[in-house]
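We're numbering straight along the sequence, starting at 1.
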Amino acid sequence: MSKTTILIFLVFFTSLYVNSGEKLTIGFGSCLHQDHPQEIWDPIKKEQLDRFFFLGDNVYGDSPLGHLIKMKKAYKTQKDSLPSWLNDISVDSIWDDHDFGKNDGGRTYRLKKEAQELYLDFWEIPESDTRSIREGVYFEKKVSHKNMTIQLIGLDTRYFRSDLKGPKGNYEKNLDPKATVLGKDQWNWLKNKIKEKSDLTLIASSIQILAKDHPYEKWENFPKEREKLINLINESKKNIILVTGDRHRGGIYKLDNLYELTASSLNRPGGNFKESDNLLIGNTYNQMNYGILEISEDKVEIFLKDINGNILESEILDI
């Protein structure tokens, strides 16, 4: 991967962590229902991960009534359902609508502050972390591996997002110049973070960035925001990888030298219909899946794998 190559994998970091192995292995996944079996953790454990990144819908606690009673129960159940070996590695997370509190919800959700408090408590985010003192769960960390500095950026695509246009499942483009996905403060924060020095930057977004052709939630619902993000990435001239979730089907997408890995779902497979996209590499997969990113000093290997650990799609990128 050249200096101008950008990979789309949505992920983020603020403090410095050190890995001393030959490669840094990061797992990714989304859409994990607390009341469903979680056999997917067996093959993921065999990957011998250094880190795992939850890409949203990490519990299903949203309610049509907008209250958080179900959310509290969902977190309690999920706490007892996650494998204990996750305690032995580094874990990062962002949220999506089902752990935000409202299906397809955004900034007008009335209990978003209370939902953030539940989120911070479940993920044991310390009071010293900026997420504990500001609105939104976006964050950044840096990981040291060999002679590399790897930057992880986790975006919040819920707390500040403007309303969607059109009916559910057939959303239209919101062309209002004031419409936003990240909100003013998060955009300014992201611009500054991308300027910081790193050998590889991973950007995690709960909703897809590159995919344009399906009628569900995605950055393309706000095309000016999508264009703004892609321009920011290109102008940085950094090695950037985007990782996304949400869709209950996985795949790898590419725009010029910009890649996106969508890893979804951990235990809620999608509908049995064929879906493609002009930017899709290979196919989309509606079975249970997870993503793996293996980082070495000279290359990045990207994998989408099924519940048996078999490779569904993969890419190798030189750095």
State whether K178 and D176 are salt-bridged, where the test is any N-O pair (Lys NZ or Arg NE/NH1/NH2 against Asp/Glu carboxylate O) under 4.0 Å.
no
What I want to find out is whether E301 reaches K23 closely enough, with some N-O distance under 4.0 Å, to be called a salt bridge.
no
Is it the case that R134 places NZ or CZ above or below the six-membered ring of W189, under 6.0 angstrom from the centre and within 45 degrees of the axis?
yes
CG of L182 to OG1 of T157, rounded to nearest 0.5 Å, is 8.0 Å
If I take atom CG from residue D163 and atom OG1 from residue T108, how far apart are they, to the nearest 0.5 angstrom?
4.5 Å
Could you work out, with salt bridge (charged side-chain N to carboxylate O under 4.0 Å, His left out) as the rule, every residue matching [X], not counting sequence neighbours?
{"X": "K173", "value": "E220"}
{"X": "E47", "value": "K305"}
{"X": "K72", "value": "none"}
{"X": "K224", "value": "none"}

Which residue is it: T262, D277, T244? I am looking for the one with a side-chain hydrogen bond (donor to acceptor under 3.5 Å, both in side chains) to Q208.
T262
Residue that, paired with W95, satisfies side-chain hydrogen bond (donor to acceptor under 3.5 Å, both in side chains) out of D156, N58, D57
D156
Name all residues meeting the ring-ring contact (aromatic ring centres under 6.0 Å, His included) criterion together with [X]; count only those two or more places apart in sequence or in a different chain, and write none if there are none.
{"X": "Y285", "value": "none"}
{"X": "H67", "value": "none"}
{"X": "Y216", "value": "H214"}
{"X": "Y159", "value": "none"}

For S81, the side-chain hydrogen bond (donor to acceptor under 3.5 Å, both in side chains) test, sequence neighbours excluded, returns none
Using the rule salt bridge (charged side-chain N to carboxylate O under 4.0 Å, His left out), only one of K113, K184, R158 pairs with E135; which is it?
K113
Side-chain (D50) to main-chain (T25) donor-acceptor, under 3.5 angstrom:
yes
Modelled atom types, side-chain donor and acceptor of [X] and [Y], under 3.5 Å:
{"X": "E225", "Y": "W187", "result": "yes"}
{"X": "K238", "Y": "T201", "result": "yes"}
{"X": "K197", "Y": "T149", "result": "no"}

Exactly one of S93, S206, S30 clears side-chain contact (heavy atoms from CB on, under 4.5 Å) with L55, and that residue is S30
With sequence neighbours left out, write down each residue that passes side chain to side chain contact (heavy atoms under 4.5 Å, CB included) with L164, or none if nothing qualifies.
D104, R161, Y171, E217, N221, F222
Can you name the residues that form a side chain to side chain contact (heavy atoms under 4.5 Å, CB included) with N192, not counting sequence neighbours?
K195
Where at least one partner belongs to residues 24-45, residue pairs that pass salt bridge (charged side-chain N to carboxylate O under 4.0 Å, His left out), sequence neighbours excluded:
none
Is it the case that one hydrophobic cluster holds both I311 and Y253, taking links as side-chain heavy atoms less than 4.5 Å apart, direct or via other members?
yes
Walk me through whether L266 and Q38 qualify under side-chain contact (heavy atoms from CB on, under 4.5 Å).
CA-CA 8 Å; L266 290 169; Q38 300 187 15; over 6 Å; no
Centroid-centroid under 6.0 Å between W41 and F52 rings
yes
Of all heavy-atom pairs linking I316 and K299, the shortest is CG2-CD, 4.2 Å
Can you check salt bridge (Lys or Arg N to Asp or Glu O under 4.0 Å) on E124 and K79, steps first, answer last?
CA-CA 11 Å; E124 299 180 359; K79 193 173 188 66; 3.6 Å; yes
Evaluate the salt bridge (Lys or Arg N to Asp or Glu O under 4.0 Å) criterion for residues E196 and K142: first the C-alpha distance (whole Å), next the side-chain angles of each, then the deciding distance (0.1 Å), finally the verdict.
CA-CA 10 Å; E196 294 182 6; K142 289 188 176 72; 2.3 Å; yes
